[in-house]
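Here is the structure we will look at, set down as structure tokens.
Along the sequence shown, residues are numbered consecutively beginning with 1. Order of listing sets the numbers, starting from 1, for every ligand and every atom in it.
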Amino acid sequence: MLRDKIISILKSYKLEDLRIGTLGSHSALNILRGAKDEGFETVCVCKENERRIYENFGVADKIVEVENFQELLNKDVQDLLRKLNVILIPHGSFNAYIGRLSELLLPIFGNRELMMWEIDRIKQRKWFEKAGVRMPRRYESPDKINKLCIVKFPGARGGKGYFLASSCKEFYEKAEKFVKSGILAEEDIKDAEIQEYIVGATVYFSFFYSPVNSRIELIAIDRRYESNADAIGRIPAKEQMNSEIDPTYTVIGNIPIVLRESLLSKAFDAAERIVDVSREIAYPGMVGPFCIETVFDEKAEMYVFEISARIVAGTNVGIPSSPYSYILFGENMYMGRRIAREIKMAVEKDMISEVIY
Ligand code: AMP
Ligand code: AMP
């Protein structure tokens, strides 16, 4: 079994000389800075173009340059990282640019099997259904559309190519328009996920499940800053009508949020149920960072529309601390640092094989 193989690789590591490594993109600054704050040496696998970023910020003790991120799967790169005793911290680029995580014979912090659940929308829905959390309704096919829907496409593509449609006709019109302009590929259309559009405020909760402390911790809350969905409100209705602008959801950045306090229990309730079910679907269940993506409607009902079973870039808003992580830890704490702290504590408590897969 892959997990046994990874644990045996970890057993060959010098635990007093562990390094923390990741791919140079997405939330690497957060992860590498956090590792350094906890006293680890760091390794950044990056492309030539981005090398200067990680050098400039001084977060990478060692840089391994690659032409593309897929090279992380090459034998020589993996051999080198194993020699350096690297534990890898996965982020959005691992799914977006690599995929085949089963070929990565290096210890990963977290649970790589849950990352495979994350990219499969059918599996994700099953997970939420088992957990009993409220979700937006899903439409089986475009001809079932009878109200405002959001249409999504596979892969961690940060909202790119999503559109709204209120009828089957509108679905195909927009899909064709997006294919013509090169935003979507023809074969994407059959894989579209059609969801009821929930009118409300989007809120992204970044939690951390700590096997060492046996608890769920809220590390930060953010919302996405999306183009051009967040630009449309700045254009008066008349100009919008004349220029036929469609909202799209390409993520550009993130904005921190502090939630109305009485709503926090809804998020904790969902997080607990999601973590409980994770143990049934993918042993040993959730480990480390995960993000629950939600919309709160006008009655403040919370709908969960996505989960990420790893660090999300939205946690970058919580460096060096978010209000929540400060209240919990009484010191600066952010997701990259929290990950490194867990690795450190797991080594001390002889639990390291319980936090990697
Ligand atoms: P990048 O390195 O910017 O190409 O991002 C790597 C992957 O993570 C892509 O699939 C992006 O869509 C996704 N991503 C990057 N930043 C964010 C963010 N702030 N929120 C959500 N997804 C993101
Ligand atoms: P996702 O890739 O699923 O994280 O969605 C990207 C963006 O689409 C979110 O940040 C929201 O702005 C929007 N969105 C996704 N699902 C829904 C939904 N069911 N109702 C309303 N907005 C949504």
Side-chain angles (χ1 to χ4, degrees), residues 22-31 44-47 49-50 53-54 68-70 90-99 115 118-121 124-125 128 133-139 145 147-166 183 191-206 220-233 246-257 289-298 301-319 335:
T22 196
L23 291 175
S25 67
H26 190 269
S27 48
L29 290 171
N30 185 339
I31 291 166
C44 181
V45 179
C46 71
K47 292 184 280 190
N49 203 30
E50 273 93 38
I53 303 285
Y54 301 98
N68 63 64
F69 287 143
Q70 292 262 340
H91 53 56
S93 297
F94 282 67
N95 273 341
Y97 304 127
I98 299 182
M115 287 177 65
E118 161 193 331
I119 52 172
D120 183 330
R121 290 192 201 277
Q124 239 190 63
R125 191 158 274 269
F128 291 158
V133 296
R134 187 185 282 111
M135 294 170 280
R137 180 175 159 202
R138 176 174 184 271
Y139 291 80
I145 298 176
K147 62 181 288 202
L148 185 62
C149 288
I150 180 162
V151 182
K152 306 183 180 187
F153 296 92
R157 52 171 90 190
K160 189 163 165 252
Y162 293 8
F163 60 80
L164 302 185
S166 299
I183 294 173
D191 298 324
E193 155 95 1
I194 307 166
Q195 264 180 21
E196 168 190 15
Y197 185 88
I198 308 294
V199 181
T202 51
V203 182
Y204 288 62
F205 295 92
S206 279
I221 310 180
D222 75 290
R223 56 160 292 205
R224 289 183 179 180
Y225 193 37
E226 292 161 330
S227 189
N228 55 18
D230 285 312
I232 275 181
D246 288 316
T248 54
Y249 296 86
T250 305
V251 65
I252 300 298
N254 303 81
I255 304 168
I257 288 188
F290 63 103
C291 178
I292 302 180
E293 311 184 1
T294 69
V295 188
F296 284 79
D297 73 6
E298 60 188 344
E301 291 291 1
M302 186 183 86
Y303 292 77
V304 179
F305 62 88
E306 282 253 16
I307 184 164
S308 297
R310 41 134 181 117
I311 184 171
V312 296
T315 59
N316 295 342
V317 303
I319 306 172
M335 198 57 96

What do we get for Tyr204 next to ligand 2 when only non-hydrogen atoms under 4.0 Å count, side chain, backbone, both or neither?
side chain
Sub-4.0 Å heavy-atom contact, Ser93 with ligand 1
yes
Ligand 2-proximal atoms of Arg223, by part, heavy-atom distance under 4.0 Å
neither
Using a 4.0 Å cut-off to any heavy atom of Pro136, which atoms of ligand 2 qualify?
19 (N)
Of Arg134, Lys147, Arg138, the one forming a salt bridge (Lys or Arg N to Asp or Glu O under 4.0 Å) with Glu196 is Lys147
In the structure I gave you, are the side-chain heavy atoms of Met115 and Pro90 within less than 4.5 Å of one another anywhere?
yes
Numbering as shown, the atoms of ligand 1 that approach Asn254 to under 4.0 Å (heavy-atom distance):
18 (C), 19 (N)
Run the numbers for me: atoms of ligand 1, each under 4.0 Å from some heavy atom of Ser25, listed by number.
2 (O)
Please could you name the atoms of ligand 1 that Ala96 approaches to less than 4.0 Å, counting only its heavy atoms?
10 (O)
Just by distance, no angles: are the side chains of Ser206 and Thr315 close enough, under 3.5 Å, to form a donor-acceptor pair?
no
With heavy-atom distances below 4.0 Å as the criterion, list the atoms of ligand 1 near His26.
2 (O), 8 (O), 13 (C), 14 (N), 15 (C)
Nearest non-hydrogen atom to atom 5 (O) of ligand 2 belongs to which of Phe153, Tyr303, Tyr162?
Tyr162
Should you measure from each heavy atom of Glu196, which atoms of ligand 2 turn up under 4.0 Å away?
18 (C), 19 (N), 20 (N)
Do any nitrogen or oxygen atoms of Tyr249 lie less than 3.5 angstrom from nitrogen or oxygen atoms of ligand 2?
no
Within-cut-off N or O pair, Ile150 and ligand 2, under 3.5 Å:
no
Should Asp230 and Arg223 count as an ion pair when the cut-off is N to O under 4.0 Å?
yes
Is any side-chain heavy atom of Leu164 less than 4.5 Å from a side-chain heavy atom of Asp246?
no
Contacting atoms of ligand 2, where contact means under 4.0 angstrom from a heavy atom of Glu293
1 (P), 4 (O)
Less than 3.5 Å between some nitrogen or oxygen of Thr202 and one of ligand 2, yes or no?
no
For a side-chain contact (heavy atoms from CB on, under 4.5 Å) check, start with the C-alpha distance between Glu306 and Glu118, then their side-chain angles and the critical distance, and finish with the verdict.
CA-CA 8 Å; Glu306 282 253 16; Glu118 161 193 331; 5.7 Å; no
When you measure from atom 3 (O) of ligand 2 to each heavy atom in Gln195, Arg224, Glu306, which option holds the nearest one?
Glu306
Walk me through whether Phe305 and Gln195 qualify under side-chain contact (heavy atoms from CB on, under 4.5 Å).
CA-CA 9 Å; Phe305 62 88; Gln195 264 180 21; 3.8 Å; yes
With nothing but distance in play, are any N or O atoms of Tyr197 less than 3.5 Å from an N or O of ligand 2?
no
Consider side-chain contact (heavy atoms from CB on, under 4.5 Å). Of Ile198, Val133, Thr202, which one does Tyr303 pass it with?
Ile198
When you compare the side chain of Val45 with that of Tyr54, does any pair of heavy atoms fall below 4.5 Å?
no
Check each of Thr294, Val304, Val312 against Phe205 using the side-chain contact (heavy atoms from CB on, under 4.5 Å) test, and report the only one that passes.
Thr294
In short, Ala28 meets Thr22 closest at the heavy-atom pair CB-CG2, 3.7 Å
To which of Val317, Thr250, Val251 does the heavy atom nearest atom 23 (C) of ligand 1 belong?
Val251
Contact atoms of ligand 1, heavy-atom distance to Ala313 under 4.0 Å
16 (N), 17 (C), 18 (C), 19 (N)
